[in-house]
Amino acid sequence: MEVTALCIRQLMTVLLLLIVQVDFSCSQTADEAFPQVVPNRQQHFEHDPIEVSCEGLEGLTGWRVMKKIKDKDVQTCSAEWSKSTGPCKITNGYQTSDSGQYWCERGGKKSNIINITVTAGSVILESPVHPVKQGDAVTLYCISKPTSTNITAEFSKNGHVMESRSTGNLTIESFSTSNEGLYTCKISGVESQGSWLTVRAAPSSHHAPQLSLLLWIGLGVLALLLLLVVVLLVCRKHQPNIRDTTTVSYSCQSSSTPQTVSEEASEAAPIYSEATYALVTKPKKKKDDESLHHPVYHTLSLGRD
């Protein structure tokens, strides 16, 4: 029974470790997408609505969106602490009060930090809020307000002109560390604020095979433990139920010979000096035989010599 319980505990432990490992590997990528910003870009026009949300981070709700504005203390995105959980909705964005760093907090946990820039200018650069995964393609858009008929945009990196595009966008294929830097764009001589683009390292090529190997090893261990449990249960089911018993046998005779009691019974039974019992015999009745049935008395001595 103890061996069976131990096997079951080991089985549950291995299963739990596998679940945690897979969940951790999957959640690492998912959590890098928080905080989420709508519209999904670093720069925003003044008076435009902005929403920052942490709901769903680590599969949980009730996160607080925190922010750090330049020259100000850390505060909740919402004006009131009691209403600071859940998405932070900024109805009218302002450069002085909403440009800064944003992140999620819950029970001592803290997410990645993102930057949001609210500008009073007429041109913004639309770029990813989060670091770009290494090897992915990223497209930058140059947007003017009000919309201009001349959408030719000039893109620059670290103060150096890269190229001009009549489509108003620039795509960087296979983003890498060499593409990191401060990007700006310009339409009709009006330049946007700068936005930093950084790279996020891609998972190592052997990570997936290692995870697959771990799963196969875990499944093999589970199968062996399960087989062991089944074998133990089957053995216990077919094991005879042996109990300590005391066998007492009696020998009875219908003749006048005194009835004897086995030695085992005499040792287990209480000691009495003498006992009398009656043995009634009922012979078959013969024709014309009206004989009476007489009991035969015997004296049984139970005392020890």
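Numbers here are sequence positions counted from 1.
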Within-4.5 Å side-chain heavy-atom neighbours: Ile143 and Arg41: yes
Answer whether the closest heavy-atom distance between the side chains of Lys133 and Val199 falls below 4.5 Å. no
Does some side-chain heavy atom of Val74 sit less than 4.5 Å from a side-chain heavy atom of Met66? yes
Basic-acidic side-chain contact under 4.0 Å: Lys68, Asp73: no
For residues 107-146, which residue pairs pass the disulfide (SG to SG under 2.5 Å) check, not counting sequence neighbours? Cys142-Cys185
Do Pro39 and His44 touch side chain to side chain, with heavy atoms closer than 4.5 Å? yes
Got a second to check how far Ile151's CD1 is from Asn169's CG, nearest 0.5 Å? 8.5 Å
Rounding to 0.5 Å, atoms CD (Gln36) and OG (Ser53) come to a distance of 6.0 Å
For Glu105, check side chain to side chain donor-acceptor pair (under 3.5 Å) against everything at least two apart and list the hits. Trp103
Please report the C-alpha distance between Met162 and Leu170 in whole Å, then the side-chain angles of each, then the deciding distance to 0.1 Å, and finally whether the side-chain contact (heavy atoms from CB on, under 4.5 Å) criterion is met. CA-CA 10 Å; Met162 298 174 64; Leu170 172 67; 3.9 Å; yes
Does Lys67 reach the side chain of Val52, with side-chain heavy atoms less than 4.5 Å apart? no
Under the salt bridge (Lys or Arg N to Asp or Glu O under 4.0 Å) test, residues paired with Asp136 that sit two or more places apart: none
side-chain contact (heavy atoms from CB on, under 4.5 Å) evaluation trace for Ser192 with Gln43: CA-CA 9 Å; Ser192 71; Gln43 297 184 19; 3.9 Å; yes
Report yes or no: do Leu60 and Leu57 belong to one cluster of Ile/Leu/Val/Met/Phe/Trp/Tyr joined by side chain heavy-atom distances under 4.5 Å? yes
Please check this pair: side chain of Arg165 against backbone of Thr167, looking for a donor-acceptor N/O pair closer than 3.5 Å. no
Distance in Å, Glu154 CD paired with Glu191 CD, rounded so as to fall on 0.5 Å steps: 8.0 Å
If hydrophobic clusters are built by linking Ile, Leu, Val, Met, Phe, Trp and Tyr wherever their side-chain heavy atoms come under 4.5 Å apart, do Tyr102 and Phe34 end up in the same one? no
Going by the rule side-chain contact (heavy atoms from CB on, under 4.5 Å), which residues pair with Pro128 if we only count those two or more places apart in sequence or in a different chain? Val132, Val138, Leu140, Leu197
With sequence neighbours excluded, give me every salt bridge (Lys or Arg N to Asp or Glu O under 4.0 Å) pair touching residues 219-235. none
Please list, chain by chain and in numerical order, all residues satisfying side chain to side chain donor-acceptor pair (under 3.5 Å) with Thr171, sequence neighbours excluded. Thr139
For Lys109, salt bridge (Lys or Arg N to Asp or Glu O under 4.0 Å) partners two or more places apart: Glu58
Table please: side-chain donor-acceptor pairs of residues 112-127 below 3.5 Å, with sequence neighbours left out.
| unit_1 | atom_1 | unit_2 | atom_2 | d |
| --- | --- | --- | --- | --- |
| Thr119 | OG1 | Gly121 | N | 3.0 |

Summary of disulfide (SG to SG under 2.5 Å) pairs that have at least one residue in residues 46-76, sequence neighbours excluded: Cys54-Cys104
Answer yes or no: is there a donor N or O on one side and an acceptor on the other, between the side chain of Gln134 and the main chain of Thr177, under 3.5 Å? no
What one should report as the nearest heavy-atom pair of Ser144 and Ile187 is CB-CD1, 4.1 Å
Keeping to residues at least two apart or across chains, list the ring pair (Phe, Tyr, Trp, His ring centres under 6.0 Å) pairs with something in residues 154-186. none
Regarding Thr76 and Ser78, is there a side-chain donor-to-acceptor distance under 3.5 Å anywhere? no
Run His130 and Arg200 through side-chain contact (heavy atoms from CB on, under 4.5 Å) and show every step you take. CA-CA 9 Å; His130 299 279; Arg200 171 168 57 89; over 6 Å; no
pair Leu182-Lys157: side-chain heavy atoms closer than 4.5 Å: no
Under the side chain to side chain donor-acceptor pair (under 3.5 Å) test, which residues partner Glu80, sequence neighbours left out? none
Distance-only donor-acceptor pairs under 3.5 Å for side chains of residues 84-97, two or more places apart:
| unit_1 | atom_1 | unit_2 | atom_2 | d |
| --- | --- | --- | --- | --- |
| Ser84 | OG | Arg64 | NE | 2.6 |
| Ser84 | OG | Trp81 | O | 2.6 |

